[in-house]
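We count ligands from 1, going down the list as the structure has it; atoms in each ligand are counted the same way. Small disclaimer: the values here were computed from a predicted structure and weren't measured.
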Amino acid sequence: MPRTPDWSPDDIDPNVPSSARMYDYVLGGFNNFEVDRKLADWVSETMPEVAQGARDNRAFLRRVITHLVTERGVGQFLDLGSGIPTAGNVHEIAQRLVPGTRVAYVDIDPVAVRVSRQLLAENPDATAVRGDLTDIEPILADPEVRALLDFTRPIAVLLVSVLHFVPDSARPRSVIERLRNALAPGSFLAISHFTHEGREDYAKRIVAMSRQTPTTTNPRTRARIEDLFGDFTLVAPGLVDVTEWHPEEDVTPTGRSGWYGGVGILG
Ligand SMILES: C[S@@+](CC[C@H](N)C(=O)[O-])C[C@H]1O[C@@H](n2cnc3c(N)ncnc32)[C@H](O)[C@@H]1O
């Protein structure tokens, strides 16, 4: 049995691969086990698009934060399914643009939360707590989240590359409606979501692979993903391939990431 390192909580099984730790490995992070690296290497060899999709998704996240902070004046973020911190984390991007921007990270994965808390120990404007976003009320009532975020003012909620881990049976649309009820007008919701549209075979293989982890992937169509925004009104350019959302000037979007992404505002 592998020895568990400092960043790993005691209550996890290092023999079961985790999507959070595989994503960390694919993005060049170090908080992963042999079992994660093996499965991720196999995925990268058989489906090279996956690593590029992860990078495209991460670049989308960076552009969303930059847009929300600089163009929309957002000063607080609630990042649900935040993952294991790698380079270019939400608080780093946002606080570099506007010092004092507040960021609450939430993840179901104990490694993601432990590594985030270690990283944020000296940061008074950011925190990380463990939570299951499908059980949103305890997250919204969490004392650390409440102490950091002011729910009477606009908050940007990030659901970036996480909702495809939530099956229909957990009613993701209802989760977002309950979340919306806790937010002030002018709040934002950013979603990126894996799709099978236009890539049925590839998506089937991803779903089959994900069954080896505790978080099975549930790809959705563009229409289903748009429906998740509910009362949030999509801002331009709407729900698009993540590479096409406010692309940087020197980058030509591929339109082939396999992820849809968009940002909505609450009127
Ligand atoms: C692919 S990573 C995305 C990380 C980050 N949002 C990003 O885009 O770079 C998905 C993360 O969602 C987390 N996750 C999956 N299901 C969750 C749930 N029900 N509640 C909270 N986090 C969840 C996983 O543990 C993982 O860290």
Side-chain angles (χ1 to χ4, degrees), residues 7-9 12 16-29 31-33 36 39-40 43 50-65 77-94 103-117 119 128-140 142 145 156-172 174-176 178-179 189-195 206 209-210 213-219 228 242-243 245 257-263:
W7 45 261
S8 169
I12 60 165
V16 177
S18 124
S19 60
R21 297 192 311 259
M22 287 170 65
Y23 190 70
D24 172 65
Y25 173 62
V26 168
L27 291 173
N31 302 106
N32 43 71
F33 295 138
D36 308 308
L39 186 55
V43 171
V50 175
Q52 186 56 47
R55 287 192 290 271
D56 288 341
N57 178 67
R58 211 55 202 176
F60 165 78
L61 174 63
R62 187 184 68 239
R63 297 196 305 279
V64 165
I65 298 160
F77 289 86
L78 176 60
D79 187 359
L80 301 172
S82 47
I84 296 172
T86 53
N89 300 300
V90 174
H91 72 283
E92 289 163 353
I93 302 166
V103 182
Y105 293 108
V106 181
D107 204 284
I108 200 169
D109 185 287
V111 171
V113 177
R114 177 176 285 205
V115 175
S116 302
R117 288 183 79 89
L119 183 76
V129 301
R130 192 168 176 195
D132 178 348
L133 71 89
T134 64
D135 189 15
I136 196 73
E137 285 76 16
I139 295 172
L140 296 172
D142 185 283
V145 172
V157 176
L158 307 175
L159 283 165
V160 176
S161 194
V162 60
L163 286 174
H164 45 255
F165 295 119
V166 176
D168 287 346
S169 58
R171 305 178 60 224
S174 154
V175 171
I176 291 170
R178 277 139 55 209
L179 182 60
L189 173 66
I191 293 177
S192 74
H193 196 299
F194 186 64
T195 186
I206 292 281
M209 177 279 297
S210 73
T213 75
T215 43
T216 304
T217 303
N218 306 269
L228 291 171
V242 289
T243 62
W245 199 91
S257 71
W259 265 267
Y260 281 118
V263 172

(Q) Atom CZ of residue position R171 - does it have more than 12 heavy atoms of other residues, nucleotides or ligands inside 6.0 Å? (A) no
With Y23 as partner, the option from N57, T86, D109 fulfilling side-chain hydrogen bond (donor to acceptor under 3.5 Å, both in side chains) is N57
Counting only non-hydrogen atoms and a 4.0 Å cut-off, the residues near ligand 1 are A20, Y23, N57, R58, G81, S82, G83, D107, I108, D109, G131, D132, L133, V160, S161, V162, F165
- request: Evaluate the side-chain contact (heavy atoms from CB on, under 4.5 Å) criterion for residues I176 and I191: first the C-alpha distance (whole Å), next the side-chain angles of each, then the deciding distance (0.1 Å), finally the verdict.
  value: CA-CA 11 Å; I176 291 170; I191 293 177; 4.2 Å; yes
- Using only heavy-atom distances, determine whether the side chains of W259 and T195 contain a donor-acceptor pair under 3.5 Å. no
Sorted by chain and residue number, the side chain to side chain donor-acceptor pair (under 3.5 Å) partners of W245 (sequence neighbours excluded) come out as none
Shortest non-hydrogen pair, P110 vs R130, comes out as CD-NH2, 3.6 Å
